[in-house]
Amino acid sequence: MSDEDGEEQQGLVEQLLDGLPLPAFTLDERDTVRAANVPALAILGERARGRNLALSLRGPELLDAVAGTRRDGAQRRILLRLPDDAQYRVKVTGLPAADPPQVICVMQDVTSEAQNEAIRREFVANVSHELRTPLTAMMGFIETLQSAAKDDPVARDRFLGIMSREAGRMNRLVRDLLHLSRVEAEERVRPRETIDLPGILRSAAASVRQVAEAHGSTIRFQGIEGRVTVPGDADQLTQVFLNLMENAVKYGARDRPVTVTISRETTSRGPVIRVDVADQGDGIDPIHLPRLTERFYRVDAHRSRAEGGTGLGLAIVKHIINRHRGWLRIESEKGRGSVFSVMLPET
Ligand code: ADP
């Protein structure tokens, strides 16, 4: 092939790569990048053309695949992990007829797929662990009741009491898991009803009254009086405020009230109704705040469990508020308490 033919052919290869939506580049027999489209240069760097691939990208597994394809002509697919945690599936195909012979690499970004998969795996591991803990305790007590404590009525009563608590814990966990999966599934469906927010807050407060009394706490309302309506799902919003009030009571200070304030606010996203649920507890270290609404994230797992928590309450809250196109703001100061603010668009 003449030099001119070779150049023409190289031009064609470049045009072909430019037409591809995925990052793609070719390498010659010495692993020099011959052609690369714009998405590929975004990964390899603007100066990658004409340089050895190893100078632009750290991927020994990719170079191995390229050498293999060059040797036997067979197509290869590999998973390439870059130091910034990005992941690509790369398809390596031989272009033996090109002059010089080249290998074309087409990359597909699978970073978010891989991240979703990691999140799913972690979730399954967490659920299994949360279920196994009470289950193991119950199995131990059943065994003891069948043997050593068989004829000891005092021990039997005590063990049955513990088993009942552990079964309750599993029951709450399963209930919250189902709830979470339902609210996640509905997250993109806008609520159609219009609800009276103070009514919802009162009904949530009534459900929390018993827990509040047990903690020597009360729930006080302040702010706008009378009807305040927003588009919303009554059951779900009741759940949001029930979770927030219950947390304020559980993690708040004994014998100190929880204050719920309703106000109107104009934000950059339009007019909202704002509900603040404030406690006077120990507060939360700022390092925890960004992760608080993650499933199973707890500041103090021991305390959460002792309070009968599942670690899913705030994750449920977040999804329900998202469905209402609203947002949650958490402000907390160590030693002074926390304020969980829910912003709900008025229309
Ligand atoms: P849990 O079932 O553990 O209460 P949540 O999802 O409702 O789960 O809350 C997650 C964690 O956030 C809790 O375990 C607790 O550490 C922290 N938290 C929630 N609300 C408060 C609050 N009002 N004050 C202090 N910490 C809180």
Side-chain angles (χ1 to χ4, degrees), residues 119 122-123 126-127 129-131 133-134 165-184 187 201 204-205 207-212 214-221 236-261 274-323 327-342:
I119 290 173
E122 192 189 330
F123 180 63
N126 276 332
V127 170
H129 175 75
E130 295 287 335
L131 280 172
T133 311
R165 258 207 320 278
E166 296 298 328
R169 185 193 297 283
M170 289 171 70
N171 198 25
R172 278 196 301 279
L173 181 62
V174 172
R175 178 203 63 194
D176 280 1
L177 283 169
L178 287 172
H179 205 149
L180 185 63
S181 105
R182 210 171 326 126
V183 297
E184 274 182 329
E187 197 166 328
L201 293 172
S207 307
V208 181
R209 189 156 298 136
Q210 253 190 347
V211 187
H215 285 76
S217 180
T218 48
I219 295 178
R220 288 193 192 152
F221 287 95
Q236 288 194 341
L237 287 181
T238 308
Q239 185 71 50
V240 164
F241 294 110
L242 201 149
N243 286 2
L244 294 182
M245 290 181 200
E246 201 172 286
N247 279 351
V249 164
K250 286 190 314 194
Y251 303 110
R254 266 202 91 77
D255 304 323
R256 292 277 177 82
V258 167
T259 314
V260 179
T261 312
R274 168 175 177 161
V275 181
D276 291 340
V277 180
D279 66 64
Q280 301 178 37
D282 294 339
I284 306 162
D285 195 308
I287 57 161
H288 297 293
L289 294 184
R291 299 196 57 193
L292 225 50
T293 56
E294 284 177 22
R295 302 180 287 196
F296 295 118
Y297 189 86
R298 293 146 156 146
V299 176
D300 176 347
H302 188 75
R303 179 157 183 201
S304 157
R305 290 207 180 90
E307 294 285 358
T310 58
L312 294 173
L314 289 179
I316 293 173
V317 163
K318 184 185 73 181
H319 284 290
I320 295 178
I321 297 177
N322 283 350
R323 183 187 173 206
W327 64 99
L328 178 72
R329 192 182 299 156
I330 310 172
E331 278 168 10
S332 189
E333 214 179 310
K334 283 286 296 162
R336 301 203 121 190
S338 314
V339 185
F340 285 71
S341 307
V342 178

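Owing to the predicted nature of the structure, the values given are computational and were not obtained by experimental measurement. In listed order, ligands and their atoms are each counted from 1.
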Can Asn243 be said to touch ligand 1, with heavy atoms closer than 4.0 Å?
no
Rounded distance (nearest 0.5 Å) linking atom CZ of Arg323 with atom NE2 of His319:
13.0 Å
Heavy atom under 4.0 Å from ligand 1: found in Asp279's side chain, backbone, both, or neither?
side chain
For a side chain to side chain contact (heavy atoms under 4.5 Å, CB included) check, start with the C-alpha distance between Arg274 and Arg329, then their side-chain angles and the critical distance, and finish with the verdict.
CA-CA 10 Å; Arg274 168 175 177 161; Arg329 192 182 299 156; 3.6 Å; yes
Sole candidate of Val317, Ile316, Val183, Ile321 that passes side-chain contact (heavy atoms from CB on, under 4.5 Å) when paired with Gln236
Val183
Going by the 4.0 angstrom heavy-atom rule, the piece of Glu307 near ligand 1 is neither
May I ask you to check whether Gly309 has an N/O atom sitting below 3.5 Å from an N/O atom of ligand 1?
no
Can you name the salt bridge (charged side-chain N to carboxylate O under 4.0 Å, His left out) partners of Arg305, sequence neighbours left out?
Glu130
Give yes if a backbone or side-chain nitrogen or oxygen of Gly313 is under 3.5 Å from a nitrogen or oxygen of ligand 1, and no if not.
yes
I'd like to check whether Val299 has a polar contact with ligand 1, where a contact means an N/O of the residue lying under 3.5 Å from an N/O of the ligand.
yes
Heavy-atom proximity to atom 25 (C) of ligand 1, picking from Asn247, Ile284, Asp282, points to Ile284
Could you check atom 27 (C) of ligand 1 against the protein and tell me its nearest heavy-atom contact, residue, atom and distance included?
Tyr251 CD1, 3.6 Å
What atoms of ligand 1 come within less than 4.0 Å of a heavy atom belonging to Thr310?
2 (O)
Just go through Leu292, Thr293, Asp285, Leu173 and tell me whose heavy atom is the nearest to atom 12 (O) of ligand 1.
Leu292
Gly311 touching ligand 1 at heavy-atom level, < 4.0 angstrom
yes
Looking only at heavy atoms, is any part of Leu312 under 4.0 Å from ligand 1, and if so is it the side chain, the backbone, or both, or is it neither?
backbone
Taking salt bridge (charged side-chain N to carboxylate O under 4.0 Å, His left out) as the definition, give me every residue that meets it alongside Glu294, ordered by chain and number, with sequence neighbours left out.
Arg291
Would Tyr297 count as being in polar contact with ligand 1, using the rule that some N or O on each side must be under 3.5 angstrom apart?
no
